[in-house]
Asker: 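Before I ask anything, let me first share the structure, which is written out below as structure tokens.
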Number of protein chains: 2
Amino acid sequence: MAVKLGKGVLRMHNKNEFMEQLRQRGYKLTKQRQAILGVLMDLEKPLATAQHIFEKVVEINPGINFSTVYRNLDVLEQEGIVRKIAFDQGAAYYELIDGKHHHHLICKSCGKVQCVEYCPLRDMPMKEGFVPTDHSFEVFGFCKECMQAKLMDDERRKGKE
Amino acid sequence: MAVKLGKGVLRMHNKNEFMEQLRQRGYKLTKQRQAILGVLMDLEKPLATAQHIFEKVVEINPGINFSTVYRNLDVLEQEGIVRKIAFDQGAAYYELIDGKHHHHLICKSCGKVQCVEYCPLRDMPMKEGFVPTDHSFEVFGFCKECMQAKLMDDERRKGKE
DNA sequence: TTGTGTGCAAAGACTTTGCAGGCCG
DNA sequence: CGGCCTGCAAAGTCTTTGCACACAA
């Protein structure tokens, strides 16, 4: 069932499977919903804001409203199809729950997001009696490229002193 | 320098140390700033929203404005005195960076927050070249008490069927 | 046909900002 | 006394909601 895409990306589901899941749970298969799902599955980056998703969906389905996007992202989150991530106070990010569970390395300089399969819940000694259901884990810093640029910049600045 | 409080809590700094740190960095020691710092050090729970902090500060310093609280929480964050945490899309939480580095277990039922000293950055295999500077790690679930209540509730419901 | 879903507009929650005057150092 | 800080009010950003109509089943 898993589909092999370019660059070794594994896609566990296709759009029809998700639509079927929604249908079975009593949701209607509107064209807006299909467009949103389509966009989520085609995202080139792992994370996208509602704004970003909206802009893409508009191309497929002109006239769609922002609140429709929000409402459906909510539905997809309830159904376990999408994960919502909030860092800083800006807009929330969304990503399809598809393939392996993972977390993110986010570059504070260029914004690049890398996925890592390591999950801290594996190693963490759980406090007695606490039953975890969800967790957030995101690492911010500088990616290889930006770190190198930064070092060169520091070097240059040092020379000027 | 560390001060031992009740229940084994270790406080690494006192208010004067923080004020001194601010002074040295060129900040003025206004009564608003002192009140905010005082409130942060006296919080009974590990995390507090700006709203919560504001309400406490008003008791000490009536007439203080909400934007002053926000502006100073920003300053304290810049200075590494306070950490800002955002989960869900609601208000951000703040906590004093004092004592050991830690993360949180948050009960989705009663809202209780427990601190855990485990930090995932210790065990995580870092992607080559990435230099981490910050990270978020919060675990949501049910605390012992709420889990038990939940189980009893499920049991009761089962009986009614 | 029925009621879930949508578009529209408005409100809501949280946070930030511009400006005139106040207070710390 | 100078400039950082504050209070106030307004605006900004992101998200949610109420309502009438539309469309999937």
Side-chain angles (χ1 to χ4, degrees), chain A residues 15-16 18-39 47-55 57-79 81-94, chain B residues 15-16 18-39 47-55 57-79 81-94:
Chain A
K15 190 171 151 189
N16 290 335
F18 283 130
M19 293 312 285
E20 177 60 16
Q21 177 183 343
L22 288 176
R23 200 187 56 69
Q24 285 182 4
R25 296 274 287 140
Y27 291 101
K28 293 185 177 176
L29 271 46
T30 63
K31 57 183 189 303
Q32 290 88 339
R33 219 156 251 169
Q34 303 198 39
I36 292 168
L37 253 182
V39 165
L47 300 175
T49 61
Q51 172 73 41
H52 184 196
I53 293 165
F54 172 70
E55 285 166 9
V57 172
V58 161
E59 296 172 14
I60 301 173
N61 199 310
I64 194 173
N65 194 271
F66 218 134
S67 55
T68 301
V69 173
Y70 272 116
R71 280 192 278 232
N72 277 305
L73 287 172
D74 262 10
V75 167
L76 296 177
E77 194 192 7
Q78 304 305 321
E79 290 305 309
I81 293 174
V82 148
R83 198 159 92 94
K84 184 179 189 177
I85 303 177
F87 15 85
D88 60 42
Q89 267 62 240
Y93 287 77
Y94 296 86
Chain B
K15 191 170 150 190
N16 290 335
F18 284 130
M19 292 313 283
E20 177 60 15
Q21 177 182 345
L22 288 177
R23 201 187 56 69
Q24 285 183 4
R25 295 274 285 141
Y27 291 102
K28 292 187 175 175
L29 271 47
T30 63
K31 57 184 191 301
Q32 290 89 338
R33 219 156 250 170
Q34 302 198 38
I36 292 169
L37 212 36
V39 165
L47 299 176
T49 62
Q51 173 71 43
H52 183 196
I53 293 165
F54 173 69
E55 285 165 9
V57 173
V58 161
E59 295 172 14
I60 301 172
N61 199 311
I64 194 173
N65 194 270
F66 219 134
S67 55
T68 301
V69 172
Y70 271 116
R71 279 192 277 231
N72 278 305
L73 287 172
D74 261 11
V75 166
L76 296 176
E77 196 193 6
Q78 303 306 322
E79 289 305 308
I81 293 175
V82 148
R83 199 159 90 96
K84 185 179 189 176
I85 303 178
F87 16 87
D88 60 40
Q89 267 62 240
Y93 287 78
Y94 296 85

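The analysis underlying the following values was restricted to heavy atoms, covering all of them including side chains, and did not include hydrogens, waters or symmetry mates. First the proteins, then the strands, lettered A, B, ... as listed; each starts at 1.
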Asker: Assign a letter to each nucleotide of nucleotides 8-17 of chain C from its 5' end: B, base within under 4.0 Å of a protein heavy atom; S, sugar-phosphate only; -, no contact.
Answerer: B-----SBBB
Asker: How far does CD1 of B:Ile36 sit from CD1 of B:Ile64, to the nearest 0.5 angstrom?
Answerer: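 It is 4.5 Å, given to the nearest 0.5 Å.
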Asker: Give the rounded distance in Å between these two atoms: CG of B:Leu76 and P of D:dC5.
Answerer: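 Going from B:Leu76 (CG) to D:dC5 (P), I get 11 Å.
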Asker: Rounded to the nearest Å, what distance is computed from the CG atom of residue A:Asp88 to the P atom of nucleotide D:dG12?
Answerer: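 From A:Asp88 CG to D:dG12 P: 20 Å.
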Asker: Report yes if a side-chain nitrogen or oxygen of A:Gln32 is closer than 4.0 Å to either non-bridging phosphate oxygen (OP1 or OP2) of D:dC23; otherwise report no.
Answerer: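 The answer is no; no side-chain N or O of A:Gln32 sits under 4.0 Å from OP1 or OP2.
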Asker: Can you give me the closest heavy-atom contact between B:Leu22 and B:Ile81, atom names plus distance?
Answerer: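 Heavy atoms of B:Leu22 and B:Ile81 come nearest at CD2-CD1, 4.1 Å.
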Asker: Just the atom pairs and distances: protein N or O near nucleotides 22-25 of chain C's N or O, under 3.5 Å.
Answerer:
{"unit_1": "C:dC24", "atom_1": "O2", "unit_2": "B:Lys28", "atom_2": "NZ", "d": "3.0"}
{"unit_1": "C:dG25", "atom_1": "OP1", "unit_2": "B:Leu29", "atom_2": "N", "d": "3.1"}

Asker: How close or far is atom P of D:dC4 from atom CD of B:Gln34, stated in whole angstroms?
Answerer: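 Answer to the nearest Å: 19 Å.
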Asker: Can you tell if the side chain of B:Leu47 reaches within under 4.5 Å of the side chain of B:Phe87, non-hydrogen atoms only?
Answerer: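 In short, these two side chains touch, coming nearer than 4.5 Å.
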Asker: I need the CZ-C1' distance between A:Arg25 and D:dA25, as an integer number of Å.
Answerer: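 Roughly 18 Å, once rounded to whole Å.
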Asker: How many angstroms lie between atom CZ of B:Arg83 and atom OH of B:Tyr93, to the nearest 0.5 angstrom?
Answerer: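 OH of B:Tyr93 is found 14.5 Å from CZ of B:Arg83.
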Asker: For B:Ala86, what residues pass the side-chain contact (heavy atoms from CB on, under 4.5 Å) criterion, not counting sequence neighbours?
Answerer: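 Only A:Gln89 meet the side-chain contact (heavy atoms from CB on, under 4.5 Å) criterion with B:Ala86.
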